[in-house]
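These figures come from a predicted structure and were not determined experimentally. Counting starts at 1 for both ligands and their atoms, following the listed order. Sequential numbering from 1 along the given sequence is applied to the chain's residues.
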Amino acid sequence: MSALQQVSIRPFSAEQVRADFPILHQDVNGHPLVYLDNAATTQKPQPVIDAIVDYYSRYNSNVHRGAHALADLATKKFEEARECVANAINSPTSSQLIWTRGTTEAINLVAHSWGKTSLSANDVILVSELEHHSNIVPWQLVADELGATVKAIPVSQSGAIDLESLATMLDKNVKLVAVNHISNALGTINPLEKIVPMCRDTGAKVLVDGAQGIAHFSVDVQALDCDFYAFSGHKVFGPTGIGALWAKQELLDSMQPYQGGGEMIETVSFSGTTFNSAPYKFEAGTPNIAGAIALAAAFAYLSQFDRVEMLAHEQDLLAYCVKRSAEIEGLQRIGREKNSAAIFSFGVDGTHPADIGVLLDQQGVAVRTGHHCAQPLMQRYNIPGTVRASFSIYNTRADVDCLFASLKKVLGFLR
Ligand code: PLP
């Protein structure tokens with residue numbers, strides 16, 4: 001299948017999907033791999049791997065302004081990739097999609113380019129207690145520089161953003177509300193359909209950290225009506241080192257460049273430099289060409305399936321995981337929102353998450369343990385961290401069974 005080729009919808013089957021991911025078919029520590037660390041990064045299907053190999057073996061060249069065939073082909077594929085990814089999130093135009101290294105760089109881009117021109121002393125940026133450090137620290141950096149303030153919207157014991165608190169915190173000083181679509185630490189799906197209109201009422205812009213949202217939903221930036229949507233390719237079956245920022249056109253037009261260098265300029269002279277228009281204004285230097293093309297291949301791969309069926313499969317895994325967790329004495333699930341993505345975060349009384357993680361790995365079960373780059377959230381629950389099993393489309397109920405069989409062994413050893 002060519003990277004950008006459109007394919008017709010076929011019924012979703014986790015077993016068939018598994019066959020497309022070569023890495024899943026191996027033993028780790030003497031056991032068949034059970035990969036449950038998808039919130040950290042997803043595995044790559046063969047068409048994504050093929051797209052990278054194809055680029056480097058057939059048409060590796062720098063993009064734009066090339067005077068030869070390979071550069072023309074690389075440019076064509078690179079810009080087609082932008083269109084493919086922009087289409088996948090229902091962007092009105094592909095020029096509203098800026099390539100970045102990932103979510104972190106996309107948020108830093110907004111903090112730097114929008115923040116420094118649109119924020120001033122006494123302005124307020126609201127982030128939720130659920131946020132990844134990538135959606136906290138860039139705002140702290142820019143706020144420190146400008147004399148603005150970052151405030152945290154509290155979350156409930158079950159892991160939901162407290163909308164009543166948000167309503168009282170929103171006033172004319174709040175210039176931006178930055179929240180994630182789905183919490184990487186707990187799985188909570190945030191009610192953007194309520195949050196965005198609340199912010200519109202007071203004039204605050206909304207940035208959505210879509211690092212996890214992009215992995216589980218068919219994102220529609222127009223329906224969300226957010227101002228900025230940031231995501232990483234590697235969370236959605238694409239490579240690392242590529243991601244994107246989507247933004248409303250008028251914001252992109254008003255924003256200053258993020259970094260200086262090649263491609264982002266119109267003219268350069270020592271008496272003054274003028275800048276290119278979006279998206280190029282924000283893409284200084286040689287981009288991750290293979291990464292962009294392979295990310296488009298990931299979206300093309302996903303477009304074969306009905307996303308609703310994929311989501312239903314993940315939800316079934318989560319429900320089954322919750323059910324099986326009742327068998328483990330002393331297991332505490334952290335984050336219990338009904339509206340959650342397939343992320344199961346937990347602790348077990350009398351044990352440390354890190355010990356559980358190391359011993360699960362000995363059984364071939366890959367999970368993540370610790371604070372999940374959400375230290376303020378861990379402080380909120382007064383815990384050092386959690387064990388997190390995060391599911392994707394290629395996981396099956398058999399993986400959940402392995403998790404709990406291994407967990408029982410591990411706890412027999414630890415207790
Ligand atoms: N935001 C959330 C919710 C995440 O889950 C992650 C990664 O785990 C990030 C931001 C940062 O993503 P990246 O490291 O790909 O930039």
All side-chain hydrogen bond (donor to acceptor under 3.5 Å, both in side chains) counterparts of Arg200, not counting sequence neighbours
Asp225, Asp227
Could a heavy atom of [X] be found less than 4.0 Å from some atom of ligand 1?
{"X": "His372", "value": "no"}
{"X": "Glu105", "value": "no"}
{"X": "Asn135", "value": "no"}

Could you go through residues 354-366 and list every donor-acceptor pair under 3.5 Å that involves a side-chain atom there, pairing it with any protein atom two or more places apart or in another chain?
{"from": "Asp361", "atom 1": "OD2", "to": "Asn29", "atom 2": "ND2", "distance (Å)": "3.3"}
{"from": "Gln363", "atom 1": "OE1", "to": "Lys409", "atom 2": "NZ", "distance (Å)": "3.4"}

Enumerate the atoms of ligand 1 whose separation from the nearest heavy atom of [X] is less than 4.0 angstrom.
{"X": "Ser134", "answer": "10 (C), 11 (C)"}
{"X": "Thr103", "answer": "10 (C), 12 (O), 16 (O)"}
{"X": "Thr104", "answer": "11 (C), 12 (O), 13 (P), 14 (O), 16 (O)"}

If you measure every N or O of Ser232 against every N or O of ligand 1, does any of those distances drop under 3.5 Å?
yes
Could you see which bit of Asp209 sits under 4.0 Å from ligand 1, with heavy atoms only: side chain, backbone, both or neither?
side chain
Is it true that [X] and [Y] make a salt bridge, defined as a side-chain N closer than 4.0 Å to a carboxylate O?
{"X": "Glu79", "Y": "Arg82", "value": "yes"}
{"X": "Arg397", "Y": "Asp316", "value": "yes"}
{"X": "Glu266", "Y": "Lys281", "value": "no"}

Over 60° means perpendicular and under 30° means parallel, so classify the ring planes of His181 and Phe217, tilted if in between.
tilted
Closest protein heavy atom to atom 5 (O) of ligand 1, given as residue, atom name and distance to 0.1 Å
Gln212 NE2, 2.7 Å
For this output row, return yes or no: ring centroids of Phe237 and Phe21 closer than 6.0 angstrom.
yes
Which of these, Lys235, His133, Glu131, His181, has its nearest heavy atom closest to atom 7 (C) of ligand 1?
Lys235
